Structures are given as structure tokens and as C-alpha cells.
Amino acid sequence: MREPSRLRQPVLDWYSENARDLPWRRPDATPWGVLVSEIMLQQTPVARVLPIWTDWMARWPTPGHLAAQPPGEAVRHWGRLGYPRRALRLHGCAQAIEAHHGGVVPSDYATLRALPGIGDYTAAAVASFAYGGSHAVLDTNVRRVLARAVQGDEYPPNSTTAAERKLAEALIPPLGAARWAVAVMELGALVCTARAPRCADCPITAQCAWRLAGKPAYEGPARKGQTYAGTDRQCRGRLLAVLRQAHGPVPKAALDVVWHDPVQRERALDGLLADGLAEALDGDTFQLPA
DNA sequence: AAGACGTGGCG
DNA sequence: TCGCCAAGTCT
């Protein structure tokens, strides 16, 4: 990018006019609120996160509040957000923050990155959005916008490459890195979408390499389609739903009725136990982890 | 390093 | 209808 500002300024101006009013973006949002939102937003649409986040923050307004609860309560109030191991990891974050960081969400990337469930993206996002840090924030939205606008490809590579990271870092403005990061993400989420991009509403359509090339179809390897019906994942979801709603010990018979195949059912239950999402009181009774 | 890991809405 | 996709992380 010879002139990063050719890309940045229009996106920043667009964001000023089109940013959604999300609670974790408001001035009164705490670093804890930002961290909670980022974990919840992993692979999960904003609309589904909103009500869970609101309930969660009212219930546990600080890491200390959550850390004082058994992990099963985090899993219970995670509801049907999906990927419930995130609830366990968020609980782990709260405990680590209490035990090792004085109850304060860390502000530097490396410390955040060491917390459970916090990878490259989330560490960069929390450091940027909660503390105004300057990092390359590479999520699926940003990767797609850069793939199109700069590389001229419809989609980014299947996994993040060094080239993508280098490009993202080159685009970080000297001032206002966090606002730039959230602005590109928002553009990817609202306009430069995966399926049917709204190029007519795009602030950088004039300089978008992909559009200028005539929107050539994606050529890379097919992205892995995720099946769900009939999988262990679906089975685990059914079993965990029973435990979540139970508010107490659940006899095995109550789990047996939600999945027909006993082999798969046993495997899924063992998986939940191994993951710490459930625990056995005895051989025949189960509950969320206390 | 490919695959596991939830769930539901949309085109 | 049904496959694709959503602010990824971990092993």
C-alpha cells in the first residue's frame, strides 16, 4: 500500500455515519464488557450475542463476580449461544484475572493472549477496543475486506498468512488505530459481506481491486463445509441443553431420551465430561460442573 | 495442521 | 430447501 490513507480515510468517514450502536462500544463499556463481547462474538452473529451479553453483564458486572461462581453457572447462562467451551474459558479468564491481575482486565497483548480462549484476534481486539492499543486486528471481516480491496481476491486464504498480517500492520494508522480497526470490521460486517456484497454502498468501491478486476470468482480450494445434523456436536448440544435447564442432578435416563444412538450418545457424554462441561455425581447422575 | 467444536438465520 | 456463514481457538 503506497497510500494507505486512500483506503483509510473513506472507511473512517463511512464508519462515522454508519457505525451500529452496540453496548460494548459505548463510552461507559468496561474492559470486562469488551472482553466478554469478544469471546461471545467468536463465530457468532451480533444479533444472537446482544441479549446474552446484556444479561451476563447485569449478572456479573466484573471478573470477580463471575470468578466467585462455579463454572457450571457460566455454562448455564451461556444459553444457546453455541460453542459452550467458550463459557468455561471466559470463566477461566475471570479466575485468572482475579488471581493474577488484581481483578483488572490486562491491557497488553501478550498478557491477554495467555488467557484461556484468547487467541491472536481476541487479544488484539481487547487491547485495541478496551484500551486504545495499536494492533493488527485480523478477523474474518477485515481479512475479507483486504482480500478484495487490496489483493483483488473474492475471499482471503483459508488460514491467516504472514502476508495478510504484514499488510494489516502496514495499514495501521499512527493515530487512531483502534477506530480504524473497528471501522474496517464494520465495513466487512455490513457492506463487504461474504455472500452478496453491497458494493453500491461501499466507500472504497472506486479503488477496490476485486471490483476493478470485474469481481472474478474465488479460485482457491473449497472452504470446508461444516455438517451438523447427526454429528457428535449436535448430540453434545442436546445433552448439554438438558443439563442447563435442569438446575440440579439429572438421572442418566433423562439424557438417554434426547439421542437415539447409544454409542454416539455415550461418546458425546464422555466428551462433555472430558471437556469439563459436565460432571458425574455418580455413575448414573450428571450435572453442570460445580 | 487438519479437524473438532454449536446454533440459527438467510439467500 | 439446504448449504453457507457468523468479531476463532485449541489440539
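Within every chain, numbering begins at 1; the chains are lettered A, B, ... in the order of the sequence lines, protein sequences first and strands thereafter. Values in this document were obtained by computation on a predicted structure and should not be read as measured data.
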Donor-acceptor pair between A:Arg179 and A:Ser16 side chains, under 3.5 angstrom = yes
Sugar-phosphate, base or nothing in reach of [X], heavy atoms under 4.0 Å:
{"X": "A:Arg144", "result": "sugar-phosphate"}
{"X": "A:Thr140", "result": "sugar-phosphate"}
{"X": "A:Tyr155", "result": "sugar-phosphate"}
{"X": "A:Leu22", "result": "base"}
{"X": "A:Ala194", "result": "sugar-phosphate"}
{"X": "A:Thr122", "result": "sugar-phosphate"}
{"X": "A:Gly82", "result": "base"}
{"X": "A:Trp24", "result": "base"}
{"X": "A:Asp275", "result": "nothing"}

task = Pick the P atom in B:dG6 and in C:dT11, then give their distance to the nearest Å.
result = 14 Å
key: Distance between C1' atoms of B:dA2 and C:dA7 (Å, rounded)   = 23 Å
Atom-to-atom span, [atom1] of [X] to [atom2] of [N] - whole angstrom:
{"X": "A:Arg236", "N": "B:dG3", "atom1": "CZ", "atom2": "P", "value": "18 Å"}
{"X": "A:Asp232", "N": "B:dT7", "atom1": "CG", "atom2": "P", "value": "13 Å"}
{"X": "A:Leu90", "N": "C:dC10", "atom1": "CG", "atom2": "C1'", "value": "16 Å"}
{"X": "A:Tyr15", "N": "C:dA7", "atom1": "OH", "atom2": "P", "value": "14 Å"}
{"X": "A:Tyr228", "N": "B:dG9", "atom1": "OH", "atom2": "C1'", "value": "14 Å"}
{"X": "A:Arg80", "N": "B:dC5", "atom1": "CZ", "atom2": "C1'", "value": "15 Å"}
{"X": "A:Leu239", "N": "B:dG6", "atom1": "CG", "atom2": "P", "value": "11 Å"}
{"X": "A:Leu187", "N": "C:dA7", "atom1": "CG", "atom2": "P", "value": "12 Å"}

request  = For A:Arg25 and for A:Pro116, find the nucleotide of DNA chain C with the closest heavy atom, then tell me which residue's nucleotide is more 5'.
outcome  = A:Arg25
ask   = Pick the nucleotide of DNA chain C nearest each of A:Ala189 and A:Ile118; which residue has the one closer to the 5' end?
value = A:Ala189
Is the backbone of [Y] close enough, under 3.5 Å, to the side chain of [X] for a donor and an acceptor to pair up by distance?
{"X": "A:Trp210", "Y": "A:Pro216", "answer": "yes"}
{"X": "A:Arg25", "Y": "A:Arg20", "answer": "yes"}
{"X": "A:Asp153", "Y": "A:Pro156", "answer": "no"}

Candidate pair A:Val36 and A:Leu66, rule side chain to side chain contact (heavy atoms under 4.5 Å, CB included), full reasoning = CA-CA 11 Å; A:Val36 171; A:Leu66 178 57; over 6 Å; no
query = When only distance counts, do a donor and an acceptor, one from the side chain of A:Arg195 and one from the base of B:dG11, lie under 3.5 Å apart?
reply = no
message = If we check side-chain hydrogen bond (donor to acceptor under 3.5 Å, both in side chains) with A:Tyr121, which of these qualifies: A:Gln42, A:Glu38, A:His135, A:Arg143?
response = A:Glu38
Lys/Arg N to Asp/Glu carboxylate O, A:Glu73 vs A:Arg76, below 4.0 Å = yes
task = Search all heavy atoms of A:Ala74 against all heavy atoms of A:Trp56 and return the closest pair with its distance.
result = O-CZ3, 3.5 Å
message = Tell me the closest heavy-atom pair linking A:Leu288 and A:Gly72, and the distance in Å.
response = CD1-O, 3.4 Å
request  = Spell out, yes or no, whether A:Leu281 and A:Leu240 are grouped together once hydrophobic residues are joined by side-chain heavy atoms under 4.5 Å, including indirect joins.
outcome  = no
query = With nearest nucleotides of DNA chain B determined for A:Ala196 and A:Gly237 from heavy-atom distances, which residue corresponds to the more 5′ nucleotide?
reply = A:Gly237
Contact residues, residues 35-48 of chain A to DNA chain B [heavy atom, < 4.0 Å] = A:Gln43, A:Thr44, A:Arg48
remark   = Within residues 252-269 of chain A, those residues having any heavy atom closer than 4.0 Å to DNA chain C are none
Side chain to side chain contact (heavy atoms under 4.5 Å, CB included) evaluation trace for A:Thr30 with A:Met57 = CA-CA 10 Å; A:Thr30 62; A:Met57 293 307 295; 4.2 Å; yes
ask   = Can you check whether A:Val191 reaches A:Val145 side chain to side chain, under 4.5 Å on heavy atoms?
value = no
note = Stems of at least 3 consecutive Watson-Crick or G-U wobble pairs (donor-acceptor distances under 3.5 Å) involving DNA chain C, listed by first number, are B:2-5 with C:8-11, B:7-11 with C:2-6
Verdict with supporting geometry, A:His91 and A:Leu88, side chain to side chain contact (heavy atoms under 4.5 Å, CB included) = CA-CA 5 Å; A:His91 184 265; A:Leu88 246 25; 5.6 Å; no
